[in-house]
Novice: 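Attaching a single structure in structure tokens format; questions to follow.
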Amino acid sequence: MFPLRGRGLGLAASLSRQRFRSARLSSDHAAPGSAHFDVVVVGGGHAGTEAAAAAARCGSRTLLLTHRVDTIGQMSCNPSFGGIGKGHLMREVDALDGLCSRICDQSGVHYKVLNRRKGPAVWGLRAQIDRKLYKQNMQKEILNTPLLTVREGSVEDLILTEPEPGHTGKCRVSGVVLVDGGVVRAESVILTTGTFLRGMVVIGLEMHPAGRLGDQPSVGLAQTLEKLGFVVGRLKTGTPPRIAKESIDFGSLDKQTPDDPPVPFSFLSEAVWIKPEDQLPCHLTHTNPRVDAVILENLHLNSHVRETTKGPRYCPSIESKVLRFPNRVHQVWLEPEGMDSDLIYPQGLSVTLPAELQEKMISCIRGLEKARMVQPGYGVQYDYLDPRQIAPSLETRLVQRLFFAGQINGTTGYEEAAAQGVVAGVNASLRVRRRPPFVVSRTEGYVGVLIDDLTTLGTSEPYRMFTSRAEFRLSLRPDNADCRLTFRGYEEAGCVSQQRYDRAAWMKSSLEEGISVLKSIEFSSTKWKRLIPQASISTSRSLPVRALDVLKYEEVDMELLAKAVPGPLKKYTECKELAERLKIEASYESILLCQLQEIKEVQRDEALQLPADLDYWSLRDVSLSHEAREKLHFSRPPTIGAASRIPGVTPAAIFNLLKFVKTTQQRQTATSGSPQTDAHLRDTGREAEVEDGYCVEIASPPREHEESGLRLTLTGAFLGTAAQAAGQPACRW
């Protein structure tokens with residue numbers, strides 16, 4: 001084995017051309033008795049903590065390496081979790097027994113469900129979090145997790161060995177080298193480096209090497225990854241200034257109250273830790289032309305905004321908003337940082353102007369005329385690795401048993417990082433045990449949408465989750481994440497506790513039983529109107545009406561229905577969560593039947609697997625453009641469905657690739673009597689047709705409206721639009 005550091009680009013290039021002799025696989029740093037773990041996780045942020053805990057839950061001896069133990073659980077940017085799309089990820093992380101949802105239920109100060117006026121499929125669970133409390137609770141959880149060791153240290157290099165036969169990759173990771181020269185050996189390594197890869201903090205024209213304010217960047221590891229041949233990009237993000245609470249005139253601002261009662265994030269939480277009346281409010285103010293003037297007059301003092309490095313589209317700096325949307329008023333949410341904190345976080349005011357100009361800009365805003373800035377806002381620029389270089393399991397294709405999770409893959413946000421962390425931790429553990437990877441498809445969860453988007457589409461700007469990115473959001477709701485993922489996590493990955501599994505099993509059986517009972521109760525519309533006069537039921541209906549159909553009316557809930565028919569229904573109101581979920585299931589019953597058919601069509605595309613080592617450049621029996629070959633070669637899609645979502649791979653190319661696969665199978669069958677590639681290529685027997693440039697039966701690349709973020713995805717004969725979220729039927733052509 002050998003550390004890559006200091007060997008130059010020639011060594012990295014040689015990895016792809018030859019296998020190493022055993023004499024070259026010795027490490028100068030290796031020492032007898034050096035530590036050995038099943039899984040090593042590098043980085044103690046939101047991706048790292050979830051990855052380490054998940055690997056340990058799966059039964060792997062795990063080491064979490066972090067710069068400082070006291071920063072584990074630190075919320076480096078906004079003091080909140082969840083939101084539209086992000087709240088779905090929180091529920092799915094929880095369904096896989098992840099940590100952040102339970103910790104939020106123990107640490108929140110303001111809970112709110114966003115999008116309440118729309119259907120439950122797009123509700124966004126969100127909470128303002130007490131920074132100090134969250135960090136304390138997360139550290140307590142991590143430091144008391146069985147099989148998990150936490151150690152302070154900075155990783156400088158990777159230890160690499162010869163590749164395993166039968167797996168893609170030019171070498172295999174077998175450990176890490178620390179800055180102090182120490183060695184930690186591992187069967188799998190997960191990198192969750194956040195913004196630390198060659199990170200630079202920017203305020204005005206000043207730039208300082210840092211992963212975040214006060215922490216040193218990771219330069220050596222970034223150089224190692226680049227020398228290995230990974231495609232590296234550069235991204236930027238930023239954070240607002242912090243303002244002293246007592247210096248704000250809240251009386252002139254719009255007060256935003258939390259929900260009463262609060263809705264917990266975790267399926268295991270019956271309630272959150274705080275009393276409804278003790279929650280803290282948020283306040284809303286707005287920018288104005290004077291704020292715009294300060295920014296526009298001082299652009300020459302702002303190197304971060306002038307850089308070509310891509311910043312976040314959906315959480316941009318105030319400078320970017322002023323430049324992109326001139327003469328507009330922008331919201332600024334004043335969010336508390338904790339129960340006993342004197343700091344306020346001005347969400348929407350991310351800025352990198354010099355500190356004195358930040359103070360001047362803040363004083364122009366209503367309610368902040370006398371505000372005192374405690375810490376200036378700043379920008380961060382950092383390296384990320386093109387996520388098309390990782391498989392859906394989050395294992396890299398270049399280096400075996402090396403996994404990436406979090407901002408290293410080009411995402412932004414705690415929730416996106418946590419979701420990747422769970423998947424990486426589970427798969428790193430499964431890889432050690434030589435078990436099949438745990439992959440969530442985009443038909444099964446937002447976690448699957450997130451990873452599929454990254455691994456097939458890549459990203460050139462920080463990726464953020466929205467409900468509009470999911471084609472099947474009526475099925476992928478926050479309320480049913482346990483039914484979708486908990487059983488798989490328990491049976492296939494071993495990352496789910498018995499307690500959670502039992503809870504999910506009880507809920508699933510109760511839902512099935514409740515729906516069956518609701519379907520069995522039938523009365524005439526006249527009788528229903530007499531029993532429930534509040535319901536807008538038409539008495540002209542001649543056929544009997546099921547209780548399930550009555551529950552679909554907006555003004556009817558299980559409590560009201562059980563009062564009308566107490567005998568068989570009263571027991572379903574004893575659990576509030578069960579009653580609410582029965583209402584949601586009833587509301588979506590008819591539309592889900594249509595969507596489930598569309599999901600089956602996509603799953604047939606996903607079932608047609610492509611060999612991981614297929615050489616697209618040398619294929620001569622299939623008509624593929626140079627661009628299509630290049631993109632297929634780089635992304636290495638695992639299935640026909642994934643290939644169809646790669647930008648630049650046309651529907652015609654997919655059609656030709658499908659024909660090639662089927663022709664290959666037929667030749668092999670004729671030669672040997674059975675397809676030799678059947679383990680890789682499973683034909684669904686479905687023919688594709690090309691009409692007007694679109695492949696009707698094969699998923700074609702998604703098209704996203706740049707301004708609104710609305711995504712229109714053609715999948716099979718289904719056109720998924722934002723209308724789904726409003727409960728409208730699917731469009732057909």
Side-chain angles (χ1 to χ4, degrees), residues 74-80 128 131 194-195 199-215 217 235-245 247-248 282-288 290-307 309-325 330-338 341-382 407 412-414 462:
Q74 183 163 315
M75 302 176 72
S76 303
C77 193
N78 55 301
S80 64
Q128 295 299 136
R131 287 186 190 273
T195 60
M200 297 287 292
V201 165
V202 185
I203 302 178
L205 299 178
E206 298 180 6
M207 301 182 71
H208 307 283
R212 61 182 168 222
L213 205 61
D215 288 316
L235 293 176
K236 65 182 179 182
T237 187
T239 189
R242 308 301 194 267
I243 301 172
K245 182 190 295 185
S247 67
I248 298 173
C282 294
H283 293 80
L284 176 64
T285 186
H286 297 82
T287 63
N288 53 57
R290 289 187 298 153
V291 172
D292 295 8
V294 173
I295 291 170
L296 294 173
E297 290 168 5
N298 295 282
L299 286 177
H300 62 290
L301 299 175
N302 195 329
S303 63
H304 190 66
V305 171
R306 290 185 297 164
E307 290 279 350
T309 305
K310 287 291 185 75
R313 175 187 299 268
Y314 301 108
C315 189
S317 66
I318 186 63
E319 299 101 322
S320 298
K321 287 189 280 190
V322 168
L323 290 171
R324 289 173 56 189
F325 308 107
H330 303 284
Q331 292 181 334
V332 179
W333 292 92
L334 301 180
E335 302 173 346
E337 296 212 349
S341 173
D342 186 45
L343 296 181
I344 292 294
Y345 181 92
Q347 179 78 262
L349 210 60
S350 176
V351 62
T352 55
L353 284 167
E356 62 275 10
L357 292 174
Q358 292 187 33
E359 290 183 309
K360 181 179 179 181
M361 178 193 69
I362 290 170
S363 66
C364 296
I365 299 173
R366 176 171 56 93
L368 305 182
E369 292 87 353
K370 298 180 180 180
R372 179 170 58 87
M373 186 176 74
V374 178
Q375 175 185 301
Y378 61 91
V380 181
Q381 298 181 11
Y382 58 96
Q407 285 181 281
T412 181
Y414 306 150

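Everything numeric in this text was worked out from a predicted model, so none of it was measured.
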Novice: Determine, stepwise, if the pair Asn298 / His300 fulfils side chain to side chain contact (heavy atoms under 4.5 Å, CB included).
Specialist: CA-CA 5 Å; Asn298 295 282; His300 62 290; 4.3 Å; yes

Novice: To the closest 0.5 Å, what do you measure between CD (Gln347) and CD (Gln331)?
Specialist: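 The CD atom of Gln331 is 10.5 Å from CD of Gln347, to the nearest 0.5 Å.
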
Novice: Rounded at 0.5 Å granularity, tell me how far OG in Ser363 sits from CD in Glu359.
Specialist: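 Reported to 0.5 Å precision, the distance equals 8.5 Å.
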
Novice: Quick one: do His208 and Tyr378 satisfy side chain to side chain contact (heavy atoms under 4.5 Å, CB included)? Show the steps, please.
Specialist: CA-CA 11 Å; His208 307 283; Tyr378 61 91; over 6 Å; no

Novice: Are Ile318 and Met361 side-chain neighbours, meaning at least one heavy-atom pair lies under 4.5 Å?
Specialist: yes

Novice: Between atom CD of Glu297 and atom CG of Leu357, what is the distance when rounded to the nearest 0.5 Å?
Specialist: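 The CD atom of Glu297 sits 9.5 Å away from the CG atom of Leu357.
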
Novice: Within the 4.5 Å heavy-atom criterion, are Leu323 and Leu296 side-chain neighbours or not?
Specialist: yes

Novice: Taking atom NZ as the centre, does Lys321 end up with more than 12 heavy-atom neighbours from other residues, nucleotides or ligands that are less than 6.0 angstrom away?
Specialist: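 Buried by this count: over 12 neighbours within 6.0 Å.
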
Novice: Can you confirm whether Pro346 sits close enough to Ile243 that some side-chain heavy atom of one is under 4.5 Å from a side-chain heavy atom of the other?
Specialist: yes

Novice: Kindly give the heavy-atom pair with the smallest separation between Gly238 and Cys77, and that separation in Å.
Specialist: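 Minimum heavy-atom contact is O-SG, 3.9 Å.
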
Novice: May I ask you to check whether Asn78 and Glu335 show a side-chain donor-acceptor distance below 3.5 Å?
Specialist: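 On atom types as modelled, these side chains do not qualify, holding no pair under 3.5 Å.
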
Novice: Got a second to check how far Gln375's CD is from Met373's CE, nearest 0.5 Å?
Specialist: 9.0 Å

Novice: Please tell me if the side chains of Leu349 and Ile365 come closer than 4.5 Å, counting only heavy atoms from C-beta onward.
Specialist: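 Yes; the side chains approach each other to less than 4.5 Å.
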
Novice: A side-chain contact here means heavy atoms from C-beta on lying under 4.5 Å apart; do Val351 and Pro241 qualify?
Specialist: yes

Novice: So, do Leu353 and Glu319 sit near enough that their side-chain heavy atoms are less than 4.5 Å apart?
Specialist: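 The answer is yes; the side chains approach within 4.5 Å.
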
Novice: Ignoring hydrogens, what is the shortest heavy-atom contact between Val374 and Ala244? Give both atom names and the distance.
Specialist: CG2-N, 3.7 Å

Novice: Would you mind reporting whether Cys282 and Pro336 have side-chain heavy atoms less than 4.5 Å apart?
Specialist: yes

Novice: How about Thr352 and Ser317: do any of their side-chain heavy atoms sit closer than 4.5 Å?
Specialist: no

Novice: Give the minimum heavy-atom separation between Tyr382 and Thr195, together with the two atoms involved.
Specialist: CB-O, 3.4 Å

Novice: With distance as the sole test, does Asp292 use its side chain to make a donor-acceptor pair with the main-chain N or O of Ile295 at under 3.5 Å?
Specialist: no

Novice: Of the non-hydrogen atoms in Ile203 and Pro354, which two are nearest, and what is the gap between them?
Specialist: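 Taking every non-hydrogen atom into account, CG2-CA, 4.2 Å.
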
Novice: What's the spacing between Gln381 CD and Ser303 OG if we round to 0.5 Å?
Specialist: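 Spacing of CD (Gln381) from OG (Ser303) equals 7.0 Å.
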
Novice: Main chain of Leu343, side chain of Arg242: is a donor-acceptor contact present, judged purely on distance under 3.5 Å?
Specialist: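 Such a contact is absent between Arg242 side chain and Leu343 backbone.
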
Novice: Do the side chain of Glu337 and the main chain of Asp342 share a donor and acceptor less than 3.5 angstrom apart?
Specialist: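 Such a contact is absent between Glu337 side chain and Asp342 backbone.
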
Novice: Which atoms form the tightest heavy-atom contact between Pro462 and Leu235, and what is the distance?
Specialist: CD-CD2, 3.9 Å

Novice: Would you compute the distance between atom CD1 of Ile362 and atom OG of Ser247 and round it to the nearest 0.5 angstrom?
Specialist: 9.0 Å

Novice: Between Gly367 and Ile248, what is the shortest heavy-atom contact and its length?
Specialist: O-CG2, 3.5 Å

